[in-house]
Amino acid sequence: MLGAVFRNVRPVAMRVCRTLAMSAEQKEDINSRIKADKIVVFMKGVPEEPRCGFSRAVCQIFEMHGVEKFSAHNVLEDDELRENIKEFSDWPTIPQVYVGGEFVGGCDIMIQMHQSGELVDLLAEHGIKSLIK
């Protein structure tokens, strides 16, 4: 009897799963945001007040390199953007960093690039001088 009752019940996780793909307009919106500046960060909060430790770490890395100008988009203010940027990049976490219109990665990758010196080279490729030699 219980088998018949539970057979058609889907787990909660399956019911809340996002199934809609982003529209062409939404893709174009993200593309235009990414191309609007040399460095673009989709983050939780804003650079002056990050709302998560990972977003704060990315901002601190840019600060150490003397990068004062970059576009930041607060995904906490726009749930649609928060989900769409993950689909756009095929990357599941926030923050997401784009340099020269190309996806670089999230916090862990930024830390690795900072520690290895690769970030200095990447910034230089896009005409941005780092304070770190």
Side-chain angles (χ1 to χ4, degrees):
M1 177 82 173
L2 284 178
V5 172
F6 290 108
R7 188 174 337 169
N8 293 321
V9 176
R10 295 187 314 178
V12 172
M14 291 179 71
R15 287 186 294 216
V16 298
C17 183
R18 185 168 191 263
T19 58
L20 300 174
M22 79 177 118
S23 69
E25 293 82 15
Q26 292 166 323
K27 285 181 185 177
E28 183 52 40
D29 174 59
I30 290 173
N31 262 322
S32 65
R33 291 176 192 235
I34 290 169
K35 292 178 179 169
D37 208 341
K38 288 181 182 180
I39 299 175
V40 180
V41 180
F42 294 87
M43 61 183 289
K44 294 179 181 176
V46 295
E48 300 78 25
E49 194 174 330
R51 301 272 310 274
C52 84
F54 301 111
S55 293
R56 179 179 310 282
V58 166
C59 292
Q60 289 174 331
I61 289 169
F62 283 132
E63 189 176 310
M64 284 187 279
H65 285 267
V67 176
E68 296 176 3
K69 184 182 181 292
F70 62 90
S71 295
H73 301 279
N74 183 358
V75 300
L76 295 178
E77 291 180 347
D78 186 343
D79 288 337
E80 191 173 87
L81 177 62
R82 183 177 182 171
E83 292 306 313
N84 287 342
I85 192 63
K86 293 175 188 178
E87 181 179 332
F88 183 89
S89 64
D90 196 25
W91 192 261
T93 59
I94 303 292
Q96 294 190 11
V97 178
Y98 289 78
V99 177
E102 297 292 322
F103 179 62
V104 174
C107 181
D108 290 344
I109 290 173
M110 289 295 293
I111 290 170
Q112 290 171 358
M113 291 181 75
H114 167 68
Q115 291 173 339
S116 71
E118 290 177 79
L119 185 55
V120 172
D121 297 335
L122 179 63
L123 294 172
E125 286 174 24
H126 295 280
I128 302 167
K129 185 170 173 64
S130 172
L131 294 178
I132 298 174
K133 307 278 183 215

So CG of Leu76 and SG of Cys52: to nearest 0.5 Å the spacing works out to 8.0 Å
Under 4.5 Å between side-chain heavy atoms, hopping through other hydrophobics if needed: is there a path connecting Leu122 to Val120?
yes
On a heavy-atom basis, the closest approach of Gln96 and Ser89 is OE1-OG, 2.9 Å
Of all heavy-atom pairs linking Pro95 and Val58, the shortest is CG-CG2, 3.7 Å
Chi angles and distances behind the side-chain contact (heavy atoms from CB on, under 4.5 Å) call for Ile109, Trp91 | CA-CA 12 Å; Ile109 290 173; Trp91 192 261; 3.5 Å; yes
Closest heavy-atom pair, Arg33 versus Val40, reported as atoms and distance to 0.1 Å, is O-CG2, 3.4 Å
query = Does the pair Lys38 and Ser71 meet the rule for a side-chain contact (heavy atoms from CB on, under 4.5 Å), with working shown?
reply = CA-CA 8 Å; Lys38 288 181 182 180; Ser71 295; over 6 Å; no
Review point. Just wondering, are more than 12 heavy atoms of other shown residues or ligands nearer than 6.0 Å to CZ in Phe103?
Key: yes
- Heavy-atom side-chain proximity of Leu123 to Lys129 below 4.5 angstrom: no
Output for pair (Met113 CE, Asp108 CG), nearest 0.5 Å, gives 13.0 Å
Taken to the nearest 0.5 Å, the spacing of Gln60 CD from Cys107 SG works out to 9.5 Å
Practice task
For the pair Phe42 and Tyr98, name the ring-plane relationship: parallel under 30°, tilted 30 to 60°, perpendicular over 60°.
Solution key: perpendicular
Checklist entry - With hydrophobic residues grouped by side-chain heavy-atom distances under 4.5 Å, do Phe54 and Val41 end up in a single group? => result no
ask   = Does Phe62 reach the side chain of Pro47, with side-chain heavy atoms less than 4.5 Å apart?
value = no
Here the gap from Ile85 atom CD1 to Ile34 atom CD1, rounded to the nearest 0.5 Å, amounts to 4.5 Å
Note to self: If the threshold is 4.0 Å, N to carboxylate O, is there a salt bridge linking Asp78 and Arg82?
What the structure shows: no
Practice item. Evaluate the criterion side-chain contact (heavy atoms from CB on, under 4.5 Å) for residue pair His65 and His114; output intermediate values, then yes/no. Key: CA-CA 9 Å; His65 285 267; His114 167 68; 2.8 Å; yes
dist Met22:CE -> Glu28:CD (nearest 0.5 Å) comes out at 11.5 Å
Smallest heavy-atom separation, Leu131 atom then Met64 atom, equals CB-O, 3.9 Å
### Message
Assess the residue pair Glu80 and Gln26 against the criterion (side-chain contact (heavy atoms from CB on, under 4.5 Å)); give the C-alpha distance rounded to whole Å, side-chain angles, the decisive distance to 0.1 Å, and a yes or no.
### Response
CA-CA 9 Å; Glu80 191 173 87; Gln26 292 166 323; 3.0 Å; yes
Rounded to the nearest 0.5 Å, the CG atom of Asp29 sits from the NE2 atom of His73 at a distance of 8.5 Å
Looking only at heavy atoms, the pair that brings Ser55 and Lys44 closest together is OG-N, 3.1 Å
Review point. Going by heavy atoms in the side chains, are Lys27 and Ile30 under 4.5 Å from each other?
Key: no
ILVMFWY network linking Met110 to Val46, side-chain heavy atoms under 4.5 angstrom: no
For Arg51 and Gly45 the tightest heavy-atom approach is CG-CA, 3.5 Å
> Quick one: do Ile111 and Val99 end up in the same hydrophobic cluster if we chain Ile, Leu, Val, Met, Phe, Trp and Tyr together by side-chain heavy atoms under 4.5 Å apart?
Replying inline: yes
